[in-house]
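Here the structure is a predicted model, which means the values were calculated and not measured. Atoms within each ligand, like the ligands themselves, are counted from 1 in listed order.
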Amino acid sequence: MTAVSLLLMAVCATSALAESSVYFREQFEDGDAWKSRWIESKHKSDYGKFVLSAGKFYGDAEKDKGLQTSQDAHFYASSARFDDFSNKGQPLVIQFTVKHEQSIDCGGGYIKLFPSEVNQEDMHGDSVYNIMFGPDICGPGTKKVHVIFNYKGKNHLINKDIRCKDDEFTHLYTLVVNPDNTYEVKIDNKKVESGNLEDDWDFLPPKKIKDPEAKKPEDWDDREKIPDPDDKKPEDWDKPENIPDPDAKKPEDWDDEMDGEWEPPMIANPDYKGEWKANEIDNPAYKGKWIHPEIDNPEYTADPEIYKYDSVGVIGLDLWQVKSGTIFDNFLITNDPSLAEEVGNDTWGKTKDAERKMKEGQDEEERKKREEEDKKRKEDEKEEDEDEEEERDEEEEEEEEEEDGEEPELEEEEDESPDSVKDEL
Ligand SMILES: *[C@@H]1O[C@H](CO)[C@@H](O)[C@H](O)[C@H]1NC(C)=O
């Protein structure tokens, strides 16, 4: 917290004009206190439990603690409240980290930003939200970053496909929505998508539509090529497709009276040329492709404030996970994109390398353990093989004795181990 406060002061001091506001910040660095800030919904009775954990591997045992989903195949619904604000006239930045350390098969990793009127105790999948943002994975087919905006009561998904991270490490997700109706999505502080709200979502009907009055003129010739009218079919073109085989001979034992009149079998005619088609030439009357003229769409009204929400007051995790273990941390909602970038550098950026190192160390140990187990198993198998060989040798001796006509004394004990056979003797 201190580092961030200092950072905030520094930012405010250096740029007095750009008033940085941090609307919400959650680092989970004060023990169990988060439980008073995050409210679990009671909409269902069996929501999965979030627990505070840095996971199996981390860069910093304390700083990397976050909310971890702890039960497989459960819905989760918890949220935290902050002072209500509107993003009118300023950027809105939503940032958080997600770590699917369980190598997730199917589950959400996104947040929802709600208007403050939402009832946290009853928050659920159909609760009206402003923005839904973050990774979503389900099987190999779905690995995307959702950016869904509620616009005039309807949820709109982004038209572009933004791929999310699907490894086991912590990643930083950032959404910036600007008052000029542009946006940017960043993963690990690198831009992965950006553009214009109007272009990349279907908030508004199209600006232009095809003129319903316009029709293609009847005499509009849009054939680029036509058959050459001067091209004529050669007189000797038409030949039958099949002809009697000239090499076929009537079998000598053919009896016209008994077998009927002999006919040679048919074969494909080598002179057959197929259907005749005139050469294609450029159509002298070609007018080009007819383009349907467009007019301004009477349904369209520009909206310079698509980005704007009058009330933002709650952030929630409302998701389903098949395999649990995802850790959410480093939540930040601010109006200052560069502050968010700095905070990202200062949190995720500082622990990511150590996290990777710890994981690699664990993987290496795991690999060594497996190798030793493999080695031990192979040695055990070798010993068993040798035992079996001895057993086989003895059995063979017995069989030989049987073949020699001797009393098969040990027949009943054949399946038993050589030791017990010896005991019997
Ligand atoms: C964040 O870190 C990156 C990589 O080290 C650096 O290029 C960038 O300037 C940093 N951003 C801020 C705002 O400090």
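- Nearest to atom 9 (O) of ligand 1 among the protein's heavy atoms is Glu341 OE2, 4.0 Å.
- Closest to atom 4 (C) of ligand 1, if we only count protein heavy atoms, is Asn345 ND2, 4.7 Å.
- Under a cutoff of 6.0 Å and an axis angle of 45°, Lys65 and Phe28 do not form a cation-pi pair.
- Taking the six-membered ring for Trp and thresholds of 30 and 60 degrees, Trp320 and Phe75 have ring planes inclined between 30 and 60 degrees apart.
- Comment: Asp329 does not engage Lys99 in a salt bridge, judged by the lack of any side-chain N to carboxylate O separation of less than 4.0 angstrom.
- For atom 7 (O) of ligand 1, no protein non-hydrogen atom is found at a distance below 4.0 Å.
- Using a 30° and 60° split on the angle between ring planes, Phe85 and Tyr23 fall in the parallel class, below 30°.
- Atoms of ligand 1 lying under 4.0 Å from any heavy atom of Glu342, numbered from 1 in the order shown and given with element: 12 (C), 13 (C), 14 (O).
- Atom OH of Tyr129 has more than 12 heavy atoms from other residues, nucleotides or ligands within 6.0 Å.
- In terms of polar-atom proximity, defined here as any N/O pair under 3.5 Å, Ser338 makes no such contact with ligand 1.
- For atom 12 (C) of ligand 1, the nearest protein heavy atom lies closer than 4.0 Å.
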